[in-house]
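Working notes, structure below.
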Amino acid sequence: MAHTSNTTISSCLLIIVQLFFMLPAKTNAKIPAIIVFGDSSVDSGNNNHIQTVARSNFMPYGRDFAGGRPTGRFSNGRITTDFISEAAGLKQIVPAYLDPAYNMSDFAVGVCFASAGTGYDNATADVLGVIPLWKQVEYYKEYQKKLRAYLGDTKANEVISEALYATSLGTNDFLENYYTMPQRRSQYTIDQFQIYLVGIAKNFITNLYNLGARKISLGGLPPMGCMPLERTRNMGNGNECMESYNLVAVNFNEKLNGLVMELNKELPEIQVVLSNPYEPMLQMIKKPSSYGFEVASIACCATGLFEMGYACDRYNLFTCKDANKYIFWDAFHPTERTDRIIADHVVKTALSKFLA
């Protein structure tokens, strides 16, 4: 009998926690909605609902999320777009479009189409069988129809034009595709490949613009050579950051910045900004103690050297006790605390014109 009452109490508590997260953080929202495209840096659980190994809907992922539950976010808790949504006065989480636990009343103020493992290049999505960027746009078109049915045309059009569109992808195009698979390396030099990706990014933003988007945040690349996985591969150089990969990130971010200026000139009424995590992330990695971190070179989960996804499981005895001391949660993804700092940075800089 006691077991039954405990179960009932636990169920009630979980419902209360879920209801809390469905409430707006505050009522003075700066934008009507946040709409997210991208990869695992912003996927809030879409990959839970497709056939792929690129998943994180199991412990210890999500152990610091409300209710201590895995959601499909590649983090111990919330991710950057959740914090941006909260800073905008919207909800504290941005739900995954493919998650049946949510409906249009949730999606009307925040929706995520991102898929872990994807990139600008369709070939990147093919590596792990995840949702390519073109398919994310198709889901968005479907969402627009549902939004118009839910809100009516006038209100829906207002949401579509006033919403913040947040994109974050590109890392997988290099680490999972160009440097791992032979096809693109045989076709392009690294600089040519960057130009190829920027062309796809331009078409993608132009497509969103033609569908009504006006406020767009284009996500830059982090210092990807400093991810624990890349440091582990850099044994010959004392497991330092792979500077060649960091240089690619810097060069690609410069090209994205050029694209932002080009789009702002070419497309009437569009406002595109580059939300660049590179510098704040690099500063954290170089001087972790200045930000209250203790460990920058390895991740919290498992040995912290190479594990992510299924290799980062609840039974691994090496997993750290306090993720707040670590910059990285797994060998590829930041901790919730790192993401909060990055989100705070972009909210105060690139996104300030939308959220002030």
Side-chain angles (χ1 to χ4, degrees), residues 37-43 47 52-54 74 114-137 167-205 218-237 239-260 262 274-279 281-282 285 299 305-309 311 328 330-334:
F37 298 86
D39 58 22
S40 60
S41 58
V42 290
D43 182 357
N47 277 21
T52 179
V53 295
F74 279 77
S115 177
T118 202
Y120 287 108
D121 188 356
N122 289 338
T124 304
D126 291 343
V127 177
L128 294 172
V130 297
I131 305 167
L133 193 54
W134 69 265
K135 181 69 172 174
Q136 293 184 32
V137 175
T167 75
S168 178
L169 67 170
T171 305
N172 296 321
D173 289 303
F174 296 100
L175 300 185
E176 189 185 296
N177 181 353
Y178 189 85
Y179 288 119
T180 308
M181 312 300 281
Q183 183 191 359
R184 293 302 186 221
R185 276 203 316 285
S186 69
Q187 292 174 295
Y188 303 110
T189 65
I190 188 62
D191 196 62
Q192 289 168 340
F193 185 60
Q194 291 178 48
I195 293 164
Y196 168 70
L197 296 179
V198 169
I200 297 169
K202 183 176 183 179
N203 289 339
F204 165 60
I205 300 296
L218 192 60
L221 294 189
M224 55 191 185
C226 293
M227 290 172 173
L229 180 66
E230 304 314 324
R231 284 188 166 204
T232 300
R233 288 174 175 166
N234 199 19
M235 282 184 291
N237 202 18
N239 298 116
E240 291 297 316
C241 296
M242 293 267 281
E243 290 306 330
S244 60
Y245 285 6
N246 282 357
L247 186 60
V248 167
V250 169
N251 290 341
F252 188 64
N253 288 340
E254 285 173 359
K255 287 182 176 67
L256 287 180
N257 196 49
L259 174 63
V260 164
E262 188 182 321
L274 181 67
S275 289
N276 191 348
Y278 188 94
E279 273 307 319
M281 189 99 181
L282 191 63
I285 291 162
L305 298 172
F306 62 88
E307 297 92 346
M308 59 182 152
F328 290 96
D330 66 16
F332 213 78
H333 303 98

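All residue numbers in this chain count up from 1 along the given sequence. In what follows, every heavy atom counts, from backbone to side chain, and hydrogens, waters and symmetry copies are set aside.
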Pairwise distance [atom1]([X]) to [atom2]([Y]) - rounded to 0.5 angstrom:
X	Y	atom1	atom2	result
Phe37	Ile205	CZ	CD1	9.0 Å
Phe332	Asp39	CZ	CG	8.0 Å
Met281	Asn276	CE	CG	12.0 Å
Asn237	Arg231	CG	CZ	11.0 Å
Leu218	Phe204	CG	CZ	8.0 Å
Leu256	Gln194	CG	CD	9.0 Å

For [Y], does its backbone N or O pair with a side-chain atom of [X] as donor and acceptor, under 3.5 Å?
X	Y	value
Gln136	Gly38	yes
Asp173	Asp121	yes
Thr124	Asn177	no
Tyr178	Ile190	yes
Asn253	Ala249	yes

What are the two closest heavy atoms between [X] and [Y], and how far apart are they?
X	Y	value
Ile285	Pro223	CD1-CG, 4.1 Å
Thr180	Arg185	N-NH1, 3.6 Å
Gly117	Val130	C-CG2, 3.5 Å
Ala299	Ala331	CB-N, 3.8 Å
Leu282	Cys226	CD1-SG, 4.2 Å

Does a side-chain heavy-atom distance below 4.5 Å link Asp191 with Lys255?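 When only atoms from C-beta onward are counted, Lys255 and Asp191 do touch, with a gap below 4.5 Å.
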Could you check if a side-chain atom of Lys135 sits within less than 4.5 angstrom of a side-chain atom of Thr118, using non-hydrogen atoms only? no
Looking at Thr52, Asn47, Asp43, which hits side-chain hydrogen bond (donor to acceptor under 3.5 Å, both in side chains) with Ser115? Asn47
Aromatic plane relationship, Phe174 with Tyr179 - under 30° parallel, 30 to 60° tilted, over 60° perpendicular: tilted
Specify whether Phe74 and His333 have parallel, tilted or perpendicular ring planes, treating 30° as the upper limit for parallel and 60° as the lower limit for perpendicular.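 Ring orientation, 0 to 90° scale: tilted.
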May I have the step-by-step check of side chain to side chain contact (heavy atoms under 4.5 Å, CB included) for Tyr196 and Gln187, ending in yes or no? CA-CA 11 Å; Tyr196 168 70; Gln187 292 174 295; over 6 Å; no
Step by step, would you call Tyr120 with Val198 a side chain to side chain contact (heavy atoms under 4.5 Å, CB included)? CA-CA 8 Å; Tyr120 287 108; Val198 169; over 6 Å; no
Trace of the side chain to side chain contact (heavy atoms under 4.5 Å, CB included) decision for Arg233 with Leu229: CA-CA 7 Å; Arg233 288 174 175 166; Leu229 180 66; 4.1 Å; yes
After noting the C-alpha distance and the side-chain angles of Thr171 and Ser41, does the key distance pass the side chain to side chain contact (heavy atoms under 4.5 Å, CB included) rule? CA-CA 9 Å; Thr171 305; Ser41 58; over 6 Å; no
